[in-house]
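The next block holds one structure in the form of structure tokens; read it before the comments.
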Amino acid sequence: MTRAFVLASAMLFALAVVSPNERATAQGDGNAIPRTSDGKPDFSGIWQTLGAADYDLEPHATRSDAPPGLGIVDGGEIPYLPAALVQRKKNFAARATADPRGKCFTLGTPRGIYGGEPFQIFQRPRDVTIVYQFGHPVRTIHTNGTQHPEGTLDFWLGDSRARWEGDTLVVDVTQFNEETWLDRSGNFHSDQLHVVERWSYLDRNTISYAATLDDPKVYARPWTLRVLLYRHLEPGFQLIENYCYTLDYDEFYPVPVSERTGQPSPQAAR
Amino acid sequence: MRRVIERGVVALFYRIWRATVIGALAVSATTVAPTVVGAQGAAGFRERTVPAIKAGEWTGARLSDGQPDVQGHWSNTIGNHNNFTDPQGGGPDEEQPRQRGARADRAPSRVSDPVSGEVPFQPWARAKAAEFAAHLSNPTRPEYVEPLARCAPAGPTKSFMWHGYEIRQYPGYVVFLFDSGTRIIPLTTSAHLPASIKLWNGDSRGHWEGNTLVVDVANNNSKARLARTGEFASEHVQITERYIFDAKGDRFTYEAVYTDPTVFTRPFTITIPNKRITADTPQDGWNNTTFRANAPGAEPIIEAWERVCVENNGPHGEIAAAP
């Protein structure tokens, strides 16, 4: 087999697995990022992070419940206030049972992004919608000029209002509850959490994501984490709803069709 | 046994209460919320009839990809899932059923075919549904707990018997954001997920036929019930939905054909009327769960807040702890 034949075969294969839209773009500028009709970067697609961030945001060697990771926090460590650091250590010791993730609670913001399962972004000029596979909650990032609701609210994912700075989506997130953790190792926040996210394309299939977290009750100063989001390119890839909080009662439903064989119902047998 | 209450709404209105009167009143959520929940049904959202909307051409606005533009906030107009075949007839948990007048004065059965309005159950299944209804308020076995009370997704059809919801559209997708659960409907003819994967809201494949969104729902785990009156299907069910929108875009009819030879004697059709919620719709916390966005000086914008079933955001709520 000649090198040219191999190359031609590879190109044909590549053409076969990309969608018509991607092919059209590839014939123009292969590096052009997708854009919506109003010219903004279009983040629509199914995305997922790689790496061990959800196990521990800070640098860590391997341990029985976590693969090793370089950490994703600028500067390495989260700048806890002294009392909060004590709490974080308590959380770490109790992590096997205390991580809200274990109950399939909504992961929160930013944890939902690097929480490990894919999520899908839908985008319109007025908003960006994120559907997380894990627990299947929905987050709306409003881009229509509206402000945070007034008053004290306690959302699992926070209230997200965003603006465009060039090709970067800058999201201001407030109104949190304090039910969520930031990872499986007990890093945490209070209901005073304020997150500023920055979303921008690194290339057409990779998003650069940064989140700056401020929380006067927990952190000595704002700090930033950064991850890359990779687009799922597998043909036919889709989210599979994961309402994992139903698993503990899953066994009681649906009605077993075997009951139609004339077996007495559980109630009748009592 | 505590009465099954509508937890999602309690949580939602607890938030409103906190947002509006926090610090001003020492009132607990439990004293505020039931009052709000009891005020069920916004003006114009408790109708006795099902408007006829004909399938045909779409003459209204379209999106850039050609889909009829039906985005926005919606709710059904005949009531919640208390009672499947007599939607305004009260649920099986009423200790002293209220007088509601003649049957003809209430909305018709959600079962539009057969014309009897009855679910064509096989005898064993009819008995089973009655058993569930009889134990709704006294769930002496785990399977008697109506799963929505545990914040489980309501399933493809009961989602339209629950609180107001939102439709968002994107090229190639229609997305439904319900009070309890979310459906992503790809507009595609590609194959469903492998049959071994069963899901609360099933796996949807949709397409538009004029003014009608047609959705084939497979991979149903059928763990959700159809109503508090105990109706159910099995994981063998195939559901074909037709969402028929009127040209003005302010109403649609939801029709679902259920085919499941293991539970029913024949396919049957469920019909549920729906109406658009606008900035002028009174907020009632049941049909209309939207809020006025914080946009001073602008045209009124309504938006829905996070729908996470808070009190049961986990496997065991109070209901599940019943003996």
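To find a chain, count down the sequence lines: A is the first, B the second, and so on, and within it residues start at 1.
- With a 4.5 angstrom heavy-atom cutoff, A:R126 touches chain B only via side-chain atoms.
- Interface remark: A:N242 contributes no atoms to any contact with chain B (heavy atom separation under 4.5 Å).
- Closest approach of A:V257 and B:W124 over heavy atoms only: CA-CH2, 4.1 Å.
- With sequence neighbours excluded, the residues satisfying side-chain contact (heavy atoms from CB on, under 4.5 Å) with B:S180 are B:L148, B:W162.
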Item to complete: Please assess B:I197 against A:I240 for the test side-chain contact (heavy atoms from CB on, under 4.5 Å), listing each intermediate value before the final yes or no.
Response: CA-CA 9 Å; B:I197 297 176; A:I240 302 175; 4.0 Å; yes
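- Heavy-atom distances place the side chain of A:H142, and not its backbone, under 4.5 Å from chain B.
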Item to complete: For B:T182 and A:Y243, run side-chain contact (heavy atoms from CB on, under 4.5 Å): C-alpha distance rounded to whole Å, both residues' side-chain angles, the deciding distance at 0.1 Å, then the answer.
Response: CA-CA 10 Å; B:T182 298; A:Y243 296 104; 4.2 Å; yes
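- No donor-acceptor pair closer than 3.5 Å links the side chain of B:E235 to the backbone N or O of A:P254.
- No side-chain donor-acceptor contact under 3.5 Å links B:K128 to the backbone of A:V255.
- Of the inter-residue distances, the one linking B:L199 atom CG with A:E241 atom CD reads 4.0 Å to the nearest 0.5 angstrom.
- Listed here is the closest heavy atom pair of B:W200 and A:T246: NE1-OG1, 3.2 Å.
- Counting only N and O atoms by type, the side chains of A:Q120 and B:Y173 include a donor and acceptor under 3.5 Å apart.
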Worksheet item: Taking it one step at a time, do A:F105 and B:V308 satisfy side-chain contact (heavy atoms from CB on, under 4.5 Å)?
Response: CA-CA 9 Å; A:F105 282 14; B:V308 171; over 6 Å; no
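- The two residues B:E306 and A:L157 have their closest heavy-atom pair at OE1-N, 2.7 Å.
- Taken to the nearest 0.5 Å, the CZ atom of A:F252 stands 6.5 Å off from the CZ atom of B:R150.
- Nearest heavy-atom pair across A:Y245 and B:P153 is OH-CD, 4.4 Å.
- For the options B:N219, B:D203, B:I301, B:L193, heavy-atom pairs under 4.5 Å to chain A are most numerous at B:L193.
- Residue with the most contacts toward chain A among B:N221, B:T188, B:I184: B:I184 (heavy-atom pairs, distance under 4.5 Å).
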Worksheet entry | Step-by-step side-chain contact (heavy atoms from CB on, under 4.5 Å) determination, B:R168 to A:D127 | CA-CA 10 Å; B:R168 298 181 182 179; A:D127 51 27; 4.1 Å; yes
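- Heavy atoms of A:Q123 lying under 4.5 Å from chain B belong exclusively to its backbone.
- Note that OH of B:Y170 is 7.0 Å distant from CZ of A:F122, once rounded to the nearest 0.5 Å.
- By number of non-hydrogen pairs under 4.5 angstrom with chain B, the leading residue of A:L239, A:T129, A:V131, A:D159 is A:T129.
- Scanning both residues, B:N294 and A:H148, for their nearest heavy atoms gives ND2-O, 2.7 Å.
- In plain terms, the two heavy atoms of B:C151 and A:Y249 that are nearest each other are C-OH, 4.2 Å.
- Applying the salt bridge (Lys or Arg N to Asp or Glu O under 4.0 Å) rule to B:E303 yields the partners A:R161; only residues at least two apart in sequence or on another chain are considered.
- Residue A:T140 holds its OG1 atom at 6.5 Å from CD of B:E166, rounded to the nearest 0.5 Å.
- For B:N201, the parts lying near chain A are the backbone and the side chain together; criterion is any non-hydrogen pair under 4.5 Å.
- Two residues are said to be in side-chain contact when any heavy atoms from C-beta on lie closer than 4.5 Å; B:S222 and A:Y253 fail this criterion.
- Here B:Q169 contributes atom CD and A:R124 contributes atom CZ; the two are 9.0 Å apart, rounded to the nearest 0.5 Å.
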